[in-house]
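This report concerns only the one structure given below.
These values consider heavy atoms only, across backbone and side chains, with no hydrogens, waters or symmetry-generated copies.
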Amino acid sequence: MQKEEYMKKALIQAAKAAENDEVPIGAVIVNPQTGEIIAEAANAGAHSGDATSHAEISVIRQACAKLKTTRLWDMDMYVTLEPCTMCAAAISFARIRKLYFGAYDEKGGGVVNGVKFYDSPTCHHKPEIEGGICAAECSDILKKFFRSKR
C-alpha cells in the first residue's frame, strides 16, 4: 500500500470517532516491511473518562499489546492530525520509526507547530516525520465536525 492508502485507513478511524461524537482523529500503526496494519484506533477521550484516550495513545497501546513489547522500533504511525505534545512524547517513548500525519495543527500541534517536541534537547527519540498526507481530507473531517457543534 501507498502512504495515502494507510492515511485513508486512519481516516476511517476518524470517521468512527465522529460517529461517536468524538473529535474525528484516527491513527494506524503499520509494519513497513510487511505492509501489515498492526493496530487501528480513534479518539475516545470525550466518552471514555480518560483525557489521554487520543488516537495515538490508544493505537500505541494496542500495538504494544499485540507485539508484546514496549518499543515499536520498526513501525510507522499514520495519524490524521499533527500530534499534540502529549502524543508526540508517547510516539517518542514508543520509538516509532516514522510519523506520517495529515492536517497540520497550528493551535494544538506539538511536532512542527507549538513546542516542536522533537527539537527539544530532552527528547530521547525523534521519528522521521512527514506531514500533509491527504491533508485536505484530514482537515475537512475536522472542520465538518466542529461546524456541526456551532
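Going from atom CD1 of Ile29 over to atom SG of Cys64 covers 7.0 Å, rounded to the nearest 0.5 Å. Once rounded to the nearest 0.5 Å, the distance linking CG of Leu72 with NZ of Lys66 reads 12.0 Å. Taking SG of Cys134 as the reference point, atom CD1 of Ile141 lies at 12.0 Å (rounded to 0.5 Å). We find the SG-NZ distance between Cys138 and Lys8 to be 8.5 Å, quoted to the nearest 0.5 Å. Note: Glu4 CD to Tyr78 OH = 8.5 Å, rounded to the nearest 0.5 Å.
Smallest separation of non-hydrogen atoms from Trp73 and His125: CZ3-ND1, 4.2 Å. Across all non-hydrogen atoms, the minimal contact from Pro83 to Val79 is CG-CG1, 3.9 Å. In terms of heavy-atom proximity, Glu56 sits nearest to Leu81 at OE2-O, 4.0 Å. Residues Ala51 and Met86 share a closest heavy-atom pair of O-CE, 4.2 Å. When all heavy atoms are compared, the tightest approach of Ala63 to Ala39 is N-CB, 3.7 Å. Here the closest heavy-atom approach between residue Ala88 and residue Tyr118 is recorded as O-OH, 2.9 Å.
For Lys149, the NZ atom is densely surrounded, since the number of other residues' heavy atoms within 6.0 Å is greater than 12.
Proximity of a side-chain donor or acceptor of Glu82 to a complementary backbone N or O of Val112 within less than 3.5 Å is detected. Counting only distance, with no hydrogens or angles, the side chain of Tyr6 and the backbone of Gly35 share a donor-acceptor pair below 3.5 Å. With hydrogens and angles disregarded, no donor-acceptor distance shorter than 3.5 Å links the side chain of Ser139 to the backbone of Ala136. The main-chain N or O of His47 is found under 3.5 Å from a side-chain atom of Glu22 such that the two form a donor-acceptor pair. Thr80 places a side-chain N or O within donor-acceptor distance of the main-chain N or O of Gly26, the cut-off being under 3.5 Å. Ser92 contributes no side-chain N or O that, together with a main-chain N or O of Lys126, makes up a donor-acceptor pair within less than 3.5 Å. The main-chain N or O of Ala55 is found under 3.5 Å from a side-chain atom of Asn43 such that the two form a donor-acceptor pair.
Classification of Arg147 and Asp140 as a salt-bridged pair fails, no side-chain N sitting under 4.0 Å from a carboxylate O. The pair Asp76-Arg97 meets the salt-bridge criterion, with a side-chain N (NZ, NE, NH1 or NH2) lying under 4.0 Å from an Asp/Glu carboxylate O. Remark: Glu40 does not engage Lys9 in a salt bridge, criterion side-chain N to carboxylate O under 4.0 Å.
Inter-residue side-chain proximity for Phe146 and Val23 is flagged as met; some heavy-atom pair is nearer than 4.5 Å. No side-chain heavy atom of His54 sits under 4.5 Å from any side-chain heavy atom of Ile25. Counting only heavy atoms from C-beta outward, the side chains of Ile12 and Lys16 approach each other to under 4.5 Å. Inter-residue side-chain proximity for Asn31 and Met75 is flagged as met; some heavy-atom pair is nearer than 4.5 Å. Within the 4.5 Å cutoff, the side chain of Glu137 has no heavy atoms near those of the Met7 side chain. Looking at Phe101 and Ile129, their side chains come closer than 4.5 Å, going by heavy atoms from C-beta outward. At least one side-chain heavy atom of Met77 sits less than 4.5 Å from a side-chain heavy atom of Ile60. Within the 4.5 Å cutoff, side-chain heavy atoms of His124 are placed close to those of Arg95.
Residues Ile57 and Phe117 do not share a hydrophobic cluster, defined by chaining ILVMFWY side chains whose heavy atoms lie under 4.5 Å apart. Tracing side-chain contacts under 4.5 Å through hydrophobic residues (I, L, V, M, F, W, Y), one reaches Tyr104 starting from Leu99; they form part of the same cluster. With hydrophobic clusters built from ILVMFWY side chains whose heavy atoms lie under 4.5 angstrom apart, Val28 does not share a cluster with Leu11. Val111 and Tyr100 sit in two unconnected hydrophobic clusters of ILVMFWY residues. Membership requires side-chain heavy atoms under 4.5 Å apart, directly or through other members.
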